Protein chains: 2
Amino acid sequence: MWETSEQDRTVVQGRPRIVVVGAGFGGLRAVRGLRGVDAEVVLIDRVNHHLFQPLLYQVATALLPAGDIAPALRSVLRKQDNARVLLGEVTGVDAQAKTVRLSLPDGSTRALDYDTLVVAAGSTDSYFGHDEWRTHAPPMKTLANAVALRSRLLRAFENAANAEDPDERARWLTIVVVGAGPTGVELAGQVAAMTRRAFRRQFRTLDPRQARVVLVDAAPAVLPPFAEPLREHTRRELERLGVEIRLNEAVADIDADGVTTTDEDHMRHRICAPTVVWAAGVKASPLAAELAKATGAEVDRKGRLLVAPDCALPGHPEIFAIGDMVNLGDLPGMAEPALQQGHHVAKVIRSRLAGEPSPGPFRYLDLGTMATISPGDAVADIRGLRLRGLPGKIAWAGVHLAFLVGWRNRVAVLAEWAWTIATGRRTQQVILEPVRSPPGS
Amino acid sequence: MWETSEQDRTVVQGRPRIVVVGAGFGGLRAVRGLRGVDAEVVLIDRVNHHLFQPLLYQVATALLPAGDIAPALRSVLRKQDNARVLLGEVTGVDAQAKTVRLSLPDGSTRALDYDTLVVAAGSTDSYFGHDEWRTHAPPMKTLANAVALRSRLLRAFENAANAEDPDERARWLTIVVVGAGPTGVELAGQVAAMTRRAFRRQFRTLDPRQARVVLVDAAPAVLPPFAEPLREHTRRELERLGVEIRLNEAVADIDADGVTTTDEDHMRHRICAPTVVWAAGVKASPLAAELAKATGAEVDRKGRLLVAPDCALPGHPEIFAIGDMVNLGDLPGMAEPALQQGHHVAKVIRSRLAGEPSPGPFRYLDLGTMATISPGDAVADIRGLRLRGLPGKIAWAGVHLAFLVGWRNRVAVLAEWAWTIATGRRTQQVILEPVRSPPGS
């Protein structure tokens, strides 16, 4: 039981309070689905923006400014009078007292009462028990990750340009992406495109086409969720772009100098690379375990909560969990299931508040899946319709623009794409931090 | 004498090497003025971009993405085949051996030979001997500073929104800008505009118009370089925007909780504010002192080098210094003198290489000075023509767009301005770093 303050205990004007944790696809859709409802909706997130994660790799590769894929939550919700935004991290849930515990940006903690709770805290990166790899192979999950990765990639090329020893130069020109799922494939393809096109003519002491982009995965194929012909197409196109694909190779170790892998025949391989990105594994947010503890719900082996067919927790109809942190029919960890669950939960809450019958169990409408390979190529698998090449790319671009929040961002992103396709240049090729001379030099 | 490597000692194909230190207005103009010259031009900077400092406050106030005012040097110079970019910090000059000493991003050091040296290292912030103030009142000189300030400003409003105690809330809503020169005036006006317009409707637990933006200066007027009527206009308009102007008040102390000032009557005043920005003083880059030591040149009391009329150092016709770090007729520390000196030095070097007579001493053409006050108002003093209000703003916008490097950035910045004027919204309202719960919570 945590102490709750006056401000947060008071149910404003007698209205019930709906607390939504996480402003990703699921959480934000739930909040927007509660527009006009006579309740106080509190949206809590650790960041002040809604991150459009499917385009995060384009921030990491200097194509898009961070703000274009991350509208401020306060701006998105400015016209929804029943919603307020709270920047903070939820660290605990007391299901008996109906209270969440918060850590605020000023370092203080607080408890906040709820009548209904929607937890949409998503997933976090998983190093399969090797958290010591994180320093050398950071993930690309947050906007801060992507901006840091952009600096890291650009600085690797600066170090290569300064290197006098050819081996040293080759080392700096090697970039390893671990994980050949959609994130890894998109990032590897985009890094290769950046070195081959944007960097053309930018260097005098090296040829950026010599950059070696390596994509490693223990699985036998790239893009496992896609149909075989699309996987094969992706693999071929990535190789044409210059990406070196190493399948059936599991990561055995990562240190400051590179990656060690083990192949099917238990042979060890070493890739010397100071720049390694982790796109291999995710696990449910730690809040899933916290909720399981608080409610007695179960989790699967990926740490995802097993929820009732309407996304509520068993025995707790006032607590819902949605998105990547739940297992409801083992849906893929993508935007679409989270969006549809957010929409569904908002409908359930609305009908309850109105005293109407429940809309029933959640049903997932599979709208397909897609991944981009290169500036002119994407694969899409839309309910059996398989697209690739330019048609795939056009479908991909349309869907991604449609799901971006806000017309301004749609126009801005489309303009950046057009500019980059036309000129090959990338406008955000910026390392923020200046070079610092080591102390005493 | 430092050891130089083979790569850097060798004069490529017998061509002389011109080393330019600093890619600000002066340095970049010098490099571009050497286009087509039969020499190897090496441009060294601690950052990988050319920063358009006059718009830095618009990055700090969430209006522009960082990349739009900071094109990558490699991209700007991609078609200038005789120029190469080197990311590193120059830490020393040996004028006898004709060598500069470099600190590289990978932590190593190196020496680089030159035949001609152009030092355009600009200025750095000065805390007038109180470097302990820097932690509490960071400067706004680099792109990293501006992005950090953006987070700081946005987080202050998040803390205010979370605050339950009215005093605590008022404290978080107080922002102090120290220094009422152009940078301080533009930043204070823009912060006030952001709180009054962009933040409208974004908060439920506070009224962002209650934010208190305080502009402090020991001088008796804002914008000292401008004519009296323009200073008076600026002051009145800033006050109309809600900026609290405190002149004739010198900063006596800055700590984590706020600023203490002393007025003309030696009375002490206290402003409680966790958010303080330093826009008060600059001094010449430490490289000015380094060059003085290396060549025997003199510096003025602001640390600026006294150079010959052609910008060369006395007794060292092969070393030039330009921009904010030199005193040649005590010109103001702005873009225009640096640009004109960069242009002049390139002409001097070109004529020497061609064996032609020197173009003679540098002559400054005063094109005037301008500062923006609010989204619809700027003051401009152009050779006696004094503009303010909308005509001033139009002149200001035209000049700033003209001096931005690259058509893409001109179009992008103009579009952002139009969007913000039309909607009041700011597209880069992003705090990159997530809230972290304190350890053990």
Side-chain angles (χ1 to χ4, degrees), chain A residues 5-7 46-49 62 65-68 70-72 74-75 78-79 84-89 91 103-107 109-110 142-144 147 154-155 158-159 161-162 164 199-205 408-409 412 419 423 425 427-438 441, chain B residues 5-7 46-49 62 65-68 70-72 74-75 78-79 84-89 91 103-107 109-110 142-144 147 154-155 158-159 161-162 164 199-205 408-409 412 419 423 425 427-438 441:
Chain A
S5 68
E6 272 318 299
Q7 179 187 337
R46 291 186 299 173
V47 294
N48 79 331
H49 48 268
D68 283 6
R74 296 194 178 280
S75 180
R78 69 195 181 284
K79 290 181 182 162
R84 73 172 162 113
V85 175
L86 199 162
L87 185 68
E89 180 176 16
T91 54
S103 209
L104 298 179
D106 67 356
T109 59
R110 183 180 297 174
T142 66
L143 207 51
V147 171
L154 295 174
R155 206 177 283 119
E158 297 296 337
N159 286 333
N162 287 339
E164 294 170 339
F199 287 175
R200 196 157 52 106
R201 303 195 68 171
Q202 290 199 2
F203 292 84
R204 307 285 175 259
T205 55
R408 182 265 165 203
N409 285 349
W419 166 263
T423 65
R425 277 139 76 191
T427 61
Q428 308 294 317
Q429 196 182 323
V430 169
I431 305 172
L432 287 175
E433 311 76 21
V435 175
R436 292 257 170 252
S437 46
S441 72
Chain B
S5 69
E6 272 318 297
Q7 179 188 339
R46 292 185 298 173
V47 294
N48 79 332
H49 48 267
D68 282 6
R74 296 194 179 280
S75 180
R78 70 195 179 283
K79 290 182 184 162
R84 74 172 163 114
V85 175
L86 199 162
L87 185 68
E89 180 176 16
T91 54
S103 210
L104 298 179
D106 67 356
T109 59
R110 183 179 297 174
T142 66
L143 207 52
V147 171
L154 295 174
R155 206 178 281 120
E158 297 297 335
N159 286 333
N162 287 339
E164 295 171 337
F199 287 174
R200 196 159 51 107
R201 303 196 66 174
Q202 291 199 2
F203 292 85
R204 308 284 177 259
T205 56
R408 182 266 164 200
N409 284 350
W419 166 263
T423 65
R425 277 140 76 191
T427 62
Q428 307 294 317
Q429 196 183 323
V430 169
I431 305 173
L432 287 175
E433 310 75 22
V435 175
R436 290 258 170 253
S437 47
S441 72

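Naming convention: chains lettered A, B, ... in sequence-line order (proteins, then strands); numbering from 1 in each chain. Atom set for the values below is all heavy atoms of this structure, side chains included, hydrogens, waters and symmetry mates excluded. No experiment lies behind these values; they were computed from the predicted model shown.
- A search for side-chain contact (heavy atoms from CB on, under 4.5 Å) contacts involving B:Val85 returns B:Leu73, B:Arg74, B:Leu77, not counting sequence neighbours.
- Contact of B:Pro71 with chain A is not made at all, since no heavy-atom distance falls under 4.5 Å.
- Closest non-hydrogen pair, A:His49 versus B:Leu432, comes out as CE1-O, 4.4 Å.
- Interface residue B:Arg204: only side-chain heavy atoms are found under 4.5 Å from chain A.
- A donor-acceptor contact shorter than 3.5 Å links the side chain of A:Gln428 to the backbone of B:Gly67.
- Most heavy-atom pairs under 4.5 Å with chain B: of the set A:Asn159, A:Thr142, A:Thr423, this distinction falls to A:Asn159.
- Looking at B:Arg408, the atoms closer than 4.5 Å to chain A (heavy atoms on both sides) sit in the backbone and in the side chain alike.
- Looking only at distances, a side-chain donor or acceptor of B:Arg110 sits under 3.5 Å from a matching main-chain atom of A:Asn162.
- B:Phe203 touches chain A through backbone and side chain together, each having a heavy atom under 4.5 Å away.
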Subject >> Pair B:Val435-A:Leu87, side chain to side chain contact (heavy atoms under 4.5 Å, CB included): steps then yes or no >> reply: CA-CA 8 Å; B:Val435 175; A:Leu87 185 68; 3.6 Å; yes

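- The side chain to side chain donor-acceptor pair (under 3.5 Å) search around A:Arg155 returns A:Glu433, not counting sequence neighbours.
- Rounding to the nearest 0.5 Å places CD1 of A:Ile431 at 11.5 Å from CG of B:Leu143.
- Contact of B:Val147 with chain A is made through the side chain alone, with heavy-atom distances under 4.5 Å.
- In this structure, the separation between CD on B:Gln202 and CG on A:Asn48 is 9.5 Å, given to the nearest 0.5 Å.
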Original post:
Stepwise, does the side chain to side chain contact (heavy atoms under 4.5 Å, CB included) test hold for A:Arg78 with B:Arg425?
Top reply: CA-CA 11 Å; A:Arg78 69 195 181 284; B:Arg425 277 140 76 191; 2.7 Å; yes

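- Of the listed residues (B:Pro105, B:Ala144, B:Ala72), the greatest number of heavy-atom pairs within a distance under 4.5 Å of chain A belongs to B:Pro105.
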